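Have a look at the structure below before the remarks.
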Amino acid sequence: MKLLLINNLFQGIWADTGFSNLYWDNGIMILVGISLIVLAIKFNLKPILLIPLAVGIVIGNIPFMHSTPYPLGIYAEGSILHYLFFGVLKGIYPALIFLGLGAMVDLSPMIANPKLIILGAAAQVGILVTFLGAIILGFPIAHSASIAIIGGADGNTAIFLTSQLAAGLGNLPAAAKVQGLIGPVAIAAYLYMALVPVIQPPIMKLLTTKKERLIRMKPQRTVSRNEKIAFPLVFLLLTAFVAPASLPLLGMFFFGNILKESGLTKQLAGTVSTVMIDILVILIGITVGASTQADVFLKWESILIFVLGALSFMVATAGGIIFAKVMNIFLKKENQINPLIGAAGVAAVPDSARIAHEMGQKEDSTNHLISHAMAPNIAGIIGSAVTAGLFLAFIL
Amino acid sequence: MRTLFIAFDPTLIGSQTLILTILGYCIVLLTLSAMAFLMVRFHAIRDYMRTRRLKKETPPAAAAPLKVVMTGEENAAIAAALYLFFSELHDQEKYVMTIKKVSRTYSPWSSKFYNIFNVMKHW
């Protein structure tokens, strides 16, 4: 009798452990998480983003008994992870990250050379192509929009759009399916942001000649403080009137920028651009990572999302470069644009601008492109947020 | 048309979707172009205002154009000063303090102990 009791007790403990609930798919996802941690540390691939995400993948795939009396998994209502995930599901974290981003970036390169803004719009062609591609592959329109926005190379915009589409679809069965896309779409977007140094250089080299890569751009003029304060306000009004659905992102972005440029709210700008954004990156990384529970994530659909996302990112890079080359046809010789900075039109700030600069320096170490490349880079953030707003307006 | 894994069906893109997609892209392009246009116009207006203000402020007597002639030596001196200034400029310090270790060969002449001992002996 006593032996039976002890046996039952051990069986109960064993059934509660991760070992007894482990399936091969959990194992694969844990290995993916560990590989990403190794990649981030060994190759310095945006570790600030990739490490929380990868640790989240490991945490989210620890197997557990689903019939526990206490909620445990990220999708179990009432669990701590679920509460943390709330900010992703409702699009709160992306909006707040945009506030920090606004307080971090300097709009001067854009104000000093306005024509470079158009490169940010040109890179949005990746979103357009992938949207149509996803529809051809049989994805519903809402899914296609979520997948296509990966080409904007901004995980926050991708999360925002997917969460808002899910919220907009209300109680329809499609809403739950769109919500299920948040994990794969965000992981793809963040992963491609981290892989900018791997994906973009071959495309940049393929589409430009050595002569084009050597183009020196005119030094930028100094931008006055009044311009720095006035333009965020003008941009906010313009973009918000065109696409009001993107207001949570763009409103916060320009608000953050005004905090920085006013010069009188340095304390607030300092907080949102350092401490607050760090906390949000941790929360968004860990929860999005944990949302990749194997039973939800490991599907044929997720692989397609990754393939389409990569395609979107590559087309966006190519779109920016080709558009810069087209612009050069119409520009005077002294105003020529180095087409490498066209690749910075994707919104991966500041990585794609840095890559454009490094590619230029490989050809001529005295050619500094970073400040020029920041203009399309920031325009890319604004462009992809406007595109997300338009998707919301058109689809819902 | 079907392939092994993926179903491709271009007819799934209805004419309405296509029009909306192209329209959406054009709106993004136009919005950002409008931003660029506003900035270019702003620069033109700012330059015009500045010229007008300068015209107002300048007394008629001083209207004669001021011809500044600079020699090559002066230009070289300015360039050298700027170069020195920028090469000495530190945006951010490293906040790392290092103590440089200097090893000295031992000799009775540099020995602290020996010197102290000798002084003690004299006492």
Side-chain angles (χ1 to χ4, degrees), chain A residues 107 110-122 124-125 127-129 131-141 144-145 148 221 223-224 226-227 230-231 234-235 238-239 241-243 300 303-304 307 323 345 375-376 379-380 382-391 393-395, chain B residues 1-54 75 78-80 82-87 89-93 95:
Chain A
L107 297 185
M110 223 167 77
I111 301 169
N113 200 351
K115 63 176 175 288
L116 299 181
I117 295 177
I118 300 164
L119 293 177
Q124 306 304 318
V125 77
I127 297 177
L128 171 102
V129 170
F131 178 62
L132 297 176
I135 292 176
I136 289 175
L137 287 173
F139 282 100
I141 286 190
S144 304
R221 68 173 179 87
V223 176
S224 69
N226 286 346
E227 285 175 281
F231 278 115
V234 175
F235 295 159
L238 183 71
T239 51
F241 272 77
V242 172
W300 176 237
I303 297 167
L304 262 183
V307 173
F323 207 84
I382 300 168
S384 59
V386 172
T387 312
L390 289 173
F391 269 139
F394 286 162
I395 295 168
Chain B
M1 198 172 77
R2 276 193 171 272
T3 60
L4 192 58
F5 297 112
I6 311 161
F8 288 98
D9 188 359
T11 57
L12 286 171
I13 305 175
S15 57
Q16 201 186 347
T17 312
L18 193 65
I19 291 168
L20 279 178
T21 311
I22 295 167
L23 185 70
Y25 184 69
C26 289
I27 293 174
V28 175
L29 196 67
L30 281 175
T31 309
L32 292 183
S33 304
M35 273 166 61
F37 178 77
L38 277 173
M39 277 191 260
V40 172
R41 285 292 93 198
F42 176 83
H43 296 161
I45 294 166
R46 191 199 56 182
D47 290 347
Y48 172 73
M49 300 276 272
R50 190 177 286 169
T51 326
R52 255 186 59 173
R53 201 180 60 220
L54 280 174
N75 281 331
I78 293 168
L82 283 172
Y83 175 78
L84 282 173
F85 173 73
F86 285 117
S87 61
L89 200 67
H90 290 263
D91 280 340
Q92 207 174 0
E93 293 293 343
Y95 304 115

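Order of the sequence lines fixes the chain letters, A, B, ..., with proteins taken first and strands second; residue numbering starts at 1 for each chain. Predicted model, so just to flag it, every value in this text is computed and none were measured.
The choice from A:N113, A:L128, A:I382 that makes the most heavy-atom pairs within less than 4.5 Å of chain B is A:L128. Most heavy-atom pairs under 4.5 Å with chain B: of the set A:T239, A:I111, A:V242, this distinction falls to A:I111. Interface remark: of the candidates A:I127, A:V125, A:L116, A:V234, A:V125 forms the most heavy-atom pairs closer than 4.5 Å to chain B. Among B:V40, B:I27, B:L32, the residue with the largest count of heavy-atom pairs under 4.5 Å with chain A is B:L32.
With a 4.5 Å cut-off on side-chain heavy atoms, B:T17 and A:F131 count as touching. Inter-residue side-chain proximity for B:L29 and A:Q124 is flagged as unmet; no heavy-atom pair is nearer than 4.5 Å. Contact check for B:M39 versus A:I117: side-chain heavy atoms found under the 4.5 Å cut-off.
At a 4.5 Å heavy-atom cutoff, the contact between A:L390 and chain B is made by side-chain atoms alone. With a 4.5 angstrom heavy-atom cutoff, A:I141 touches chain B only via side-chain atoms.
Rounded to the nearest 0.5 Å, atoms CZ (A:F394) and CD1 (B:I19) are 11.5 Å apart.
When all heavy atoms are compared, the tightest approach of A:L238 to B:T31 is CD2-O, 3.6 Å. The two residues B:A36 and A:P114 make their nearest non-hydrogen contact at CB-O, 3.3 Å.
Remark: side-chain polar atoms of B:Y25 are paired, donor with acceptor, to backbone N or O of A:A121 under 3.5 angstrom.
Counting heavy-atom neighbours within 6.0 Å of A:R221 CZ, excluding the residue itself, gives a total above 12.
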